[in-house]
Amino acid sequence: MKYFNQKYGGLECRLETETIHLLPWGENSLRVVARRMDEPQLPDWALLPQPEQKSDVNIQGETASITVGKLKAVAEKRDWPQRIQLSFYNEKGELLLEEKEFQGAVARRAREYRPKTGGGYELAVTFEAQAGEKLYGMGQYQQEELDVAGCTFELAHRNSQASVPFVLSSRGYGFLWHNPAIGQAVFARNGATWSARSSAQFDYWVTAGDSPREIISQYTAAVGRPPMMPEYGLGYWQCKLRYWNQEQLLETAREYKRRGVPVDVIVCDFFHWPHLGDFRFDPEFFPDPEGMVRELKDLGIELMVSVWPQIGLDSENFQEMRERGLLVQSDHGLNVQMQFGGDSAFFDATNPEARAYVWEKCKENYYHKGVRVFWLDEAEPEFGNYDYANYRYQRGTALEVGNLYPQAYSRAFYEGMRGEGQENPVNLVRCAWAGSARYGALVWSGDIHSDFATFRRQVCAGLSMGTAGIPWWTTDIGGFSGGDPEDPAFRELLVRWFQWGAFCPVMRMHGDRLRGQELTRADSRPVQHTGGNNEIWDFGEYNYSIMCKYIRLRELMRPYVRRLMEEAHQTGAPVMRPMFYEFPEDAVCWELRDQYMFGPDVLAAPVMEAGPVSREVYLPAGSWTDLRSGESYEGGRWITAGAPIDYMPVFLRDGAHGDWIGAV
């Protein structure tokens, strides 16, 4: 029996009913697909097609190997149980990753196919745990962990949870679970298991590299990098729960202009439409959209408009979309998938016809009126009940392909805007999956609470998203819900969050503040409330002065931020970087989760507790300059940095950006 063949430029393994293909897929990288009873397929979930690459295939009896640059995979035919066992090595011959050995009477395979009634499998693959290994990435989960070794993850999206199944290992490899099925990842001491609740085949990707920088570059080359961030993405963005009419929005923009505070983007949030799913301005509250956009552009401000993927049953578009099969389908019960703001169903973003339909409506009613930035909310999508087994898309059931939705949602607008000639679209979106970055996705961390514990979780979330290939990321400064503009405790939180926001990829104020205003139409029917005040002058004069300084610092940093966005576009480098990204040889940097590098030159150490006026900061080897005082420090040690309420500790590396010193 011949178990191995050279095929499709890679290595084919066949045993019993299983076929495995190990294929060159990018520099120092392999794609592994395995299937029972059929030939493995190569779906385009996130991985981009790769040019033909040279590989070295060596077959010797019951053992075979394939080498692509720095990565070597070894396949061995084993007995009891009879199986093909896979392991991966770097160019030094050091073991990176290996499937778990289930020896003796246990008689269990590392790759498990558990048949499902009606077809398909529940899949699971388990790899050996490696002592001392650290793992980073996985996207955005609301936890105060950066090293995810020992953690368990639901591979599914929820409001404030974006599952991006890529991990970077301290052992020198990256691993992408290239499967959009709902599932789980468990990084336990006795093995790391990736599973899918319903899928036809295994599909994962492995890369080897000598540094985190090299690994992330190779990964982002394989799944796509963001376009260049447009100029209006570099400064300050102003938002509140919603500006409920045209005049309120314009007057806010005018007031910023009168005060001399620069604003790049202002946001028209949800329920500015007549009915959910109409994809147009309500003429009662926004009588002249073109004039509104024109005045904002004259002020140097772009308008961003919220779009929801729900189609209300009372929408002017619902009947046509239902008849044309453009909606997500519920397999059981009524086809009502959310009830916020009325009964609604989601449009099927995996369906190209549905994507085109929604874009055409938005093009006619927003884009042709001058809108060039969209807020793609509810992108998980946020089902009223996360019963993934009940929903069906064109590309499969939610159990099979559910995690693809936010990527496809971003794709609808990116391709539409590119089709109109817009060179570098950026759209704010509440979720992402692998490959979302190439569709101009600026991800924010969802409807998070306004407290310090939540604040701390956002720093880990942003660093993990950047590691997982999503360099454009932001939060609602101050948190989304629970903030009282009159409460001194909230004001302290807001100021600390605002300072940190200046060192996020995009600096954006938002929140559903308390003390909002209830609203009605002219005929007395209620409409969505406006939320409390959320302009920087609404939180006391002293706090206003602090926030003004940080907006102006962000302006001073604009050339540097532009350079970071160019690097993200060209190499996939995160804008927010874990300390180990810049200092991989420093063991301390692999442990740090509450400070990070904003690009190569800026060490940011946010204050994420109430009360402190100092904090401990680790300075790696080199020379570091305090942004405020200009005082210099030699690195390789911990220091106690001053952090009064008007200052967040920031240090500049090796004399960089001396013109910033004293700006705050």
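Quick caveat: nothing in here was measured; it's all calculated off a predicted structure. Numbering of residues begins at 1 and proceeds along the displayed sequence.
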So the salt bridge (charged side-chain N to carboxylate O under 4.0 Å, His left out) pairs with at least one residue in residues 614-626 (sequence neighbours excluded) are Asp594-Arg615
Check: Between Phe455 and Phe452, what is the ring plane arrangement, given parallel below 30°, perpendicular above 60°, and tilted in between?
Finding: tilted
Applying ring pair (Phe, Tyr, Trp, His ring centres under 6.0 Å) to Trp473 and not counting sequence neighbours gives none
Side-chain donor or acceptor of Gln140 paired with backbone N/O of Ser160 under 3.5 Å
yes
Query - Side chains of Glu154 and Ser163 in contact at under 4.5 Å (non-hydrogen atoms) - result: no
Do Trp537 and Tyr256 make the cut of ring centroids closer than 6.0 angstrom? yes
#### Entry: Face-on cation placement of Arg508 at Tyr236 ring, 6.0 Å and 45° thresholds
no
Classify the angle between the aromatic ring planes of Trp205 and Tyr219 as parallel (below 30°), tilted (30 to 60°) or perpendicular (above 60°). tilted
Ignoring hydrogens and geometry, is there a side-chain-to-backbone donor-acceptor pair from Trp472 to Met565 under 3.5 Å? no
Applying side-chain contact (heavy atoms from CB on, under 4.5 Å) to Ser464 and not counting sequence neighbours gives Leu146
| message | Is it the case that the side chain of Ser29 and the backbone of Glu27 share a donor-acceptor pair, with hydrogens and angles ignored and the cut-off at 3.5 Å? | response | yes
Pro644 meets the side-chain contact (heavy atoms from CB on, under 4.5 Å) criterion, sequence neighbours left out, with Arg628, Asp646, Tyr647
- Task: Output yes when Glu492 and Arg496 qualify as a salt bridge under the 4.0 Å nitrogen-oxygen rule, no when they do not.
- Result: no
Report task. Could you tell me whether a side-chain N or O of Arg558 sits under 3.5 Å from a main-chain N or O of Leu234, the two making a donor and an acceptor? Result -> no
Residues pairing under salt bridge (charged side-chain N to carboxylate O under 4.0 Å, His left out) where one sits in residues 455-466, two or more places apart or in two chains, turn out to be Glu144-Arg456
| request: Verify whether the ring centers belonging to Phe580 and Trp590 lie closer than 6.0 Å. | output: yes
Residues pairing under salt bridge (charged side-chain N to carboxylate O under 4.0 Å, His left out) where one sits in residues 298-309, two or more places apart or in two chains, turn out to be Lys297-Glu302
Given 3.5 Å as the limit, does a donor-acceptor pair link the side chain of Asp654 with the main chain of Ser623, or not?
yes
**Asked** Does Glu535 pair with Lys240 as a salt bridge, N-O distance under 4.0 Å?
**Response** no
Margin query: Under a 3.5 Å distance rule, please check whether Thr220 uses its side chain to pair with a backbone N or O of Ser217 as donor and acceptor.
Written below: yes
Residue set satisfying ring pair (Phe, Tyr, Trp, His ring centres under 6.0 Å) with Tyr544, at least two apart, ordered chain then number -> none
Inset, instruction - For the residue pair His510 and Phe480, categorise the inter-ring angle as parallel (less than 30°), tilted (30 to 60°) or perpendicular (more than 60°). - result: tilted
Gln238 (side chain) donor-acceptor with Asn534 (main chain) under 3.5 angstrom: yes
Exercise for review: Return yes if some donor-acceptor pair links the side-chain N/O of Gln50 with the main-chain N/O of Leu48 below 3.5 Å, else return no.
Suggested key: yes
Exercise for review: Using the side-chain hydrogen bond (donor to acceptor under 3.5 Å, both in side chains) rule, take Tyr618 and Glu591 through it: C-alpha gap first, then chi angles, then the decisive distance, then the call.
Suggested key: CA-CA 11 Å; Tyr618 179 74; Glu591 305 289 341; over 6 Å; no
| query | Hey, is the main chain of Gln142 close enough, under 3.5 Å, to the side chain of Gln161 for a donor-acceptor pair? | reply | no
Taken to the nearest 0.5 Å, the spacing of Trp308 CH2 from Trp375 CH2 works out to 10.0 Å
For Ala468 and Val164, the nearest pair of non-hydrogen atoms, with its separation, is O-CG1, 3.5 Å
| query | Between Phe374 and Phe413, does the ring centre distance come in under 6.0 Å? | reply | yes
By ring pair (Phe, Tyr, Trp, His ring centres under 6.0 Å), Tyr243 pairs with (sequence neighbours left out) none
Contacts of His657 meeting side-chain contact (heavy atoms from CB on, under 4.5 Å) (sequence neighbours excluded), chain-then-number -> Tyr560, Arg563, Asp601, Leu652, Asp659, Trp660
Problem set entry | Side-chain heavy-atom pair Phe187, Val167 within 4.5 angstrom cut-off | yes
Paired with Arg562, the salt bridge (charged side-chain N to carboxylate O under 4.0 Å, His left out) test is passed by just one of Glu567, Glu231, Glu555, namely Glu231
In short, salt bridge (charged side-chain N to carboxylate O under 4.0 Å, His left out) pairs touching residues 435-449 with sequence neighbours left out are Arg430-Asp447
Residue set satisfying side-chain contact (heavy atoms from CB on, under 4.5 Å) with Ala46, at least two apart, ordered chain then number -> His178, Val223, Gln407, Trp433, Ala434
Sequence neighbours excluded, the answer for ring pair (Phe, Tyr, Trp, His ring centres under 6.0 Å) partners of Tyr405 is Tyr393
Checking the side chain of Thr454 only, and the main-chain atoms of Ser450 only, is there a donor and an acceptor separated by less than 3.5 Å? no
